[in-house]
Amino acid sequence: FSSSSSSSFSLKHTVLPLKRRNCCLQTCFSVPYHKFVDFALDETNLHTHLLPSPLQEKYNSMNSTDGKGALNMLSFEAAKIRLLRSLIIETEKMQVLDFAVFPKAEYDVPIFCANFFTSAKTNIIVLDLNPLHDIINHDDYKEKYFKSLIPLGLKYAEHFPWGGKLTSESIKFFSPIVIWTRFTSSPQKYDILYSAFRDYYKVWLELIDTAVEETDEYQISRNLEAQHRYLAWRTEKDPGHGVLKKLIGDTLAKDLLRSFLFNGVDELGSKTFNDYFSHYLDEEGTLNKKGGVVGKSFENRPWDATGNFLGQ
Ligand code: BLA
C-alpha cells in the first residue's frame, strides 16, 4: 500500500487509517486498487493535463453507515475528457474499484470501464473499452476502434475465462475485447489484472490522443445520445446498486449514482431509461427491475478469435 505516487494530487484518497489497512491485510484478499488509479492518473498526465472536476468538492470521501467502510472518490476533466472518475470502496468484507473515463461528445472514442468487485470468496471483474456505438451491427465502428485490439483481448482471454451468463443487454455495451470474468482471489491473478488494466488503459489513451475532434453537429449529437443512453443504462441497472445501498443507504446511493458515478444522466439528454430500453417494460408497463424480459445469456464468450459476434 504505497501512498499516491502522483505528487501533483494531494488528495485524501490514499490516506487510510493504519487500523483499516491492517484489517485488510489480515483478511488475505487485499488488493491495492489505489495503485490502479494512481497508475491511470500518472499515465493520463503524460498525455494531457488533468484538472480537478467541480464534482471533487462534494464527492471525495465518506464512511459507510456502520462506520466500518470507506468510500474514496476522485474526479477530473481534461481537453478531450468530459469526466474521469473513480470510486474505491474498502470494508472488512470487500474491496471495489469503479473507474471510468467518459470522452467529450466531440469524440466517438469508447468509454474506459473498469469495475472490480473483490470479496473473500470471489472477484467479479469487468474491464473494457465500452464502445460508444453499436459494434454488433455496425462493422465500420468496430473496425475503427477494435480491429487492431483483438490480439490484446486474446492475450488476456487466456488468463481470464468468460465469467458466465450476464444480463443480456450488457453485451451491447461491451466490446470484443471485454474482460468479463470471475475468479477466486490470488496474488497472481491480481498481478495479471493490474497488467491488463495498464495495457487497456494505455491503449485507450492512444485512442483518445489520436481522436480527431468531430465538428459535424449531427455526429456530435449522436455521440452525446450514445453516452446518455449508456449513463441511463448504468444508473438504472448497475449490479453495484445493492452493495452501495447497503453501505450508505438508499438516498446517498442514488445521489452517488446519478450525480457522481454516472454524472450526466440528468444533464446530457432528456430521454428516460424507458425511452431507451422499452423492452424492459413488462406487460403492465412498469419497469421490470429484474430484467426478466431480457434475462441472462451468453454462457460463453460470444465473440470468436477474430472479433466476430456469435450471439443472436
Ligand atoms: C455483477 N457486474 C456484475 C455482472 C456484470 C457487472 C456484467 C454480472 C451480473 C449481471 O450481468 O447481471 C458489470 N454490467 C457490468 C458493467 C456494465 C454492465 C461494468 O452492463 C457496463 C455496461 N459491481 C460494480 C460495483 C459493485 C459491483 C461498483 O461495478 C459494488 C459496489 C458489485 N457486480 C457486483 C456484484 C455482482 C456484480 C455484487 C454480483 C451480483 C449479481 O450478479 O447481480
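Start at 1 with the first residue, then count along the sequence. Just so you know, ligand 1 is whichever comes first in the structure, and atom 1 is the first atom listed for that ligand.
Ring centers of Tyr190 and Phe197: at least 6.0 Å apart, outside the cut-off.
When the heavy-atom distances from atom 17 (C) of ligand 1 to Phe173, Phe174, Trp180, Trp233 are ranked, the shortest goes to Phe174. The residue among Gly164, Cys113, Pro239 with a heavy atom at the shortest distance from atom 2 (N) of ligand 1 is Pro239.
When side chains are defined from C-beta on, Ile88 does not count as touching Gln95, because their heavy atoms never get closer than 4.5 Å. Counting heavy atoms from C-beta outward, Phe117 and Asn123 have side chains that stay 4.5 Å or more apart. In this structure, the side chains of Phe298 and Lys165 stay at 4.5 Å or more apart for every pair of heavy atoms. For the pair Tyr276/Glu225, a side-chain contact is recorded, criterion being any heavy-atom separation below 4.5 Å from C-beta on.
The closest protein non-hydrogen atom to atom 18 (C) of ligand 1 is Ser170 OG, 3.5 Å. Protein heavy atom at the shortest distance from atom 11 (O) of ligand 1 is Thr167 N, 2.9 Å. Nearest protein heavy-atom neighbour of atom 32 (C) of ligand 1: Phe117 CD1, 3.6 Å. Taking atom 27 (C) of ligand 1 as the reference point, the nearest protein heavy-atom neighbour is Gly240 CA, 3.5 Å. At the shortest separation from atom 28 (C) of ligand 1 among protein heavy atoms lies Val96 CG1, 3.6 Å.
The shortest heavy-atom distance from Asp238 to ligand 1 is under 4.0 Å. Assignment of Lys296 to the shell around ligand 1 is supported, since a heavy atom sits closer than 4.0 Å. Not a single heavy atom of Phe116 lies less than 4.0 angstrom from ligand 1.
Residue contacts with ligand 1 for Ile124 involve side-chain atoms from C-beta outward but no N, CA, C or O (heavy atoms, distance under 4.0 Å). Within the 4.0 Å heavy-atom criterion, neither part of Glu169 lies near ligand 1. Of all the heavy atoms of Asp98, the ones lying under 4.0 Å from any atom of ligand 1 belong exclusively to the side chain.
Checked by distance only, ligand 1 and Asn115 come closer than 3.5 Å through their nitrogen or oxygen atoms.
The number of heavy-atom neighbours closer than 6.0 Å to NZ of Lys246, taken from other residues, nucleotides and ligands shown, is 12 or below.
Annotation for ligand 1: atoms under 4.0 Å from non-hydrogen atoms of Leu166 are 7 (C), 11 (O). The atoms of ligand 1 that sit less than 4.0 Å from any heavy atom of Arg234 are 19 (C), 21 (C), 22 (C). The atoms of ligand 1 that sit less than 4.0 Å from any heavy atom of Val243 are 30 (C), 31 (C), 38 (C).
Tyr33 and Phe36 have perpendicular rings, their planes meeting at more than 60° on a 0 to 90° scale where under 30° would count as parallel.
The nearest protein heavy atom to atom 21 (C) of ligand 1 is closer than 4.0 Å. In this structure, atom 13 (C) of ligand 1 is in close contact with the protein, since a protein heavy atom lies within 4.0 Å of it.
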The test is side chain to side chain contact (heavy atoms under 4.5 Å, CB included); show your working for Phe116 and Val31 and say whether it passes. CA-CA 10 Å; Phe116 306 157; Val31 45; over 6 Å; no
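For the 3.5 Å distance criterion, the side chains of Asp66 and Ser64 qualify, holding a donor opposite an acceptor.
A salt bridge is defined here as a Lys NZ or Arg NE, NH1 or NH2 lying under 4.0 Å from an Asp or Glu carboxylate O, and Asp209 with Lys80 fails to meet this definition. Ion pairing of Asp250 with Lys254 is present here, as a side-chain N (NZ or NE/NH1/NH2) and a carboxylate O approach within less than 4.0 Å.
Checking each of Leu149, Leu127, Leu205, Val178 against Tyr200 for a side chain to side chain contact (heavy atoms under 4.5 Å, CB included) leaves exactly one that passes, namely Leu127.
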